[in-house]
Amino acid sequence: MTVAASARELSVEVRKGHGWQRVVEPLAFDVHAGEIVGVVGESGAGKTLTTRALVGLLPRGVRASGSVTLGERTFDARAVAREVLGRDATVVLQNPTTSLDPLSRVHRTLVEGVTHLGLMTKREASHHARALLDRLGFPDQDRVLRLYPHELSGGMAQRVAIAAALMPSPKLLVVDEPTSALDAHVRVEVLELIGDLARDLGTGVALVSHDLALVGRFCDRVLVMNAGRILERGVTQDVLERPQHPYTQALLASAVTTDAVPRAALPAMAGS
Amino acid sequence: MPLRGYPTLQFGVLILLAMVAVGLWGLVALPSADRQDLAHSFAPPMSPGHPLGTDALGRDVLDWISDGIWIAIQVSLAVVLISAVVGIAVGLCAGYFGGVIDALLMRLVDLSLAIPPLLLFIAAAVVLQPSMLTLILLISAVSWLPYARLVRGVTLVERQRGYILAARLGGASRVRILVGHLLPAVSTVALVLCSLQAGYVLLWESGLSFLGLGIRPPQHSLGYIIAQGRSTLSVAWWVVVFPGAALALLVLAANLIGDGLRDLIQRDVEVVER
């Protein structure tokens, strides 16, 4: 299996006063082509910062170090963004209704990036956009391309955002809580589409989520993170069914499932 | 009729079109307002050949008004264009880049707002040659400030929205985001300000021309003829009243269009955010 993206000695620091405080310890992991890797953990575990560092775009006052490899090329973590964003790596954000420019029609949202970066001509991009929308389950692509974001439902908007992210056929797709703003029945559909397309395009997907049920259903492998460290990693079934690390066991125990005893107190995570 | 349901906007556009028609008609059909005819000075309204009367030198008031409207529209369009471009550019950069750039640009705006416009104009009139170009540049020098403040505020809100982050994540450059995504986002509020400001610009233009600091013959400003007619107001009210009414109608049209546009855009915003 070819490696789509890998991180080596990747760490993240946040500016604190005059110094820098490390919030993600140096870590290493690979995402293979066509597979979905789930990154799970509590809020503040460093999931989002780690995946953002992978594509090189961090908020102000946050910096990464280490190296990131995408395909055959290796970058310093500080210089990765300009080289890869919109080409080899793309991101789908959490809330689809705000992540689309309200004044751009779907056509522009899809076509602008790749044509601006010179990856495709306008004609190729339009053609490609139609093909992607078709794969994402839009029966009438010409009509969708003319719509504005406010005319789309949440699920449609997120599928459009996914199409936009897949336009350059990236090596790495980061999806950050892609379905938490969506209705339950749309979640499964959206994730299935991401999985199918990733396998077809040979794109490696890093899925950030705290929904263990979704991760268990869609991810090939899982990284369990807490306090900026990867505590456990492995094939999804192994990790979720036979967790080795006490943190993973506690995380699984505190998950709400349909077979839980009604009104029984759920085990809570101990604070750190 | 288009714009149904927006009576303010309709009414404003109608008045503006009527005034433009008078201006155009004067440009094409009427003789120059410079033509003096002392034999027919102080002709009252409805005199043959002079529907709105003449002034002390026998110059036709209607000619003068139609020329004046044309000048007023030219000046306010030019000022609105210059100040909108400068103000939007400054506001976008200040709001998007933040930090030192924001601090420098906004202190410049604060400083400029602390100068009373009328004092600036009078001081400038001493040094500079009064002409249409100087007038346009002077009024623009104070008119871009509200744009900068307003646009900066809207930019600060918009840059936090997910689609700006999404554009960055999609590989868009800063310039691309500023021009391609933030400029359209601020353009609606800026458009309303443009229209409301056009009214103020009209008042400044005629006010300064009234004081002799602005446009002078052979170009014809409404303010100038009002100033001329003031001395003979007791014998010839029409020399002051008709140009004054034309000016008031122009300002009214600008304000009505501004208010109407705001209603129109507000409704669209509510539809989008619902």
Side-chain angles (χ1 to χ4, degrees), chain A residues 48 51-52 54-61 80-105 108-119 148-152 157-158 160-162 164-168 170 173-176 181, chain B residues 88 91-103 150-151 153-192 194 261-262 264-274:
Chain A
T48 297
T51 48
R52 285 288 161 76
L54 203 55
V55 300
L57 196 73
L58 291 161
R60 271 179 208 183
V80 67
R82 198 175 312 127
E83 298 288 332
V84 307
L85 276 180
R87 301 169 196 265
D88 293 335
T90 50
V91 180
V92 175
L93 294 170
Q94 181 172 0
N95 192 339
T97 49
T98 58
S99 64
L100 300 175
D101 185 341
L103 297 176
S104 294
R105 292 175 196 272
R108 187 185 156 204
T109 300
L110 294 185
V111 168
E112 185 184 23
V114 282
T115 51
H116 183 58
L117 293 173
L119 302 175
Y148 284 97
H150 75 270
E151 298 171 293
L152 304 169
Q158 193 61 304
V160 166
I162 291 165
L166 288 174
M167 277 298 286
L173 174 70
V174 173
V175 278
D176 194 341
Chain B
I88 290 173
L92 276 179
C93 290
Y96 184 62
F97 293 115
V100 182
I101 297 175
D102 183 27
L150 182 78
V151 167
V154 178
T155 307
L156 284 177
V157 175
E158 289 294 323
R159 60 170 288 209
Q160 305 292 337
R161 306 269 291 260
Y163 71 91
I164 299 298
L165 177 62
R168 292 280 288 145
L169 289 168
S173 63
R174 286 169 187 278
V175 176
R176 184 97 194 146
I177 287 174
L178 274 174
V179 177
H181 297 281
L182 285 172
L183 181 62
V186 303
S187 62
T188 44
V189 280
L191 187 67
V192 174
C194 280
L261 278 178
R262 188 159 49 193
L264 185 79
I265 288 163
Q266 195 64 45
R267 191 208 53 175
D268 285 353
V269 168
E270 277 161 13
V271 168
V272 170
E273 288 182 349
R274 196 180 48 204

**Asked** Looking at B:Val151, B:Thr155, B:Leu150, B:Leu182, which one forms a side-chain contact (heavy atoms from CB on, under 4.5 Å) with B:Ile88?
**Response**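 The residue from B:Val151, B:Thr155, B:Leu150, B:Leu182 that satisfies side-chain contact (heavy atoms from CB on, under 4.5 Å) with B:Ile88 turns out to be B:Val151.
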**Item:** Proximal component of A:Arg87, with respect to chain B [non-hydrogen, under 4.5 Å]
**Value:**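 The answer is neither part of A:Arg87.
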**Prompt:** What part of A:Leu103 lies closer than 4.5 angstrom to a heavy atom of chain B: side chain, backbone, both or neither?
**Reply:**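 When you check distances to chain B, only side chain atoms of A:Leu103 fall under 4.5 Å.
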Side-chain atoms of residues 166-181 of chain B: list all donor-acceptor pairs with protein atoms under 3.5 Å, sequence neighbours left out, distances to 0.1 Å.
{"residue": "B:Ser173", "atom": "OG", "partner": "B:Arg176", "partner atom": "N", "Å": "3.2"}
{"residue": "B:Arg176", "atom": "NE", "partner": "A:Glu112", "partner atom": "OE2", "Å": "3.1"}
{"residue": "B:Arg176", "atom": "NH1", "partner": "A:His116", "partner atom": "ND1", "Å": "3.4"}
{"residue": "B:Arg176", "atom": "NH2", "partner": "A:Glu112", "partner atom": "OE2", "Å": "2.9"}
{"residue": "B:His181", "atom": "ND1", "partner": "A:Asp101", "partner atom": "OD2", "Å": "2.6"}
{"residue": "B:His181", "atom": "NE2", "partner": "A:Glu112", "partner atom": "OE1", "Å": "3.3"}

Please rank [options] by heavy-atom pairs under 4.5 Å with chain B and give me the top one.
{"options": "A:Thr97, A:Asn95, A:Leu93", "value": "A:Leu93"}
{"options": "A:Leu57, A:Thr109, A:Val174", "value": "A:Leu57"}
{"options": "A:Leu117, A:Thr98, A:Val91, A:Val114", "value": "A:Thr98"}
{"options": "A:Pro96, A:Gly86, A:Gly113", "value": "A:Gly86"}

**Prompt:** Do you know which two heavy atoms are closest between B:Val189 and B:Val186, and how far apart they sit?
**Reply:**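 That would be CG2-O, 3.1 Å.
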**Asked** Can you check whether B:Gly153's main-chain N or O pairs, donor with acceptor, with B:Glu158's side chain at less than 3.5 Å?
**Response**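 No, because the side chain of B:Glu158 does not come within donor-acceptor range (under 3.5 Å) of the backbone of B:Gly153.
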Only pairs under 3.5 Å count here: list side-chain donor-acceptor contacts from residues 93-100 of chain B, not counting sequence neighbours, and write none if there are none.
none

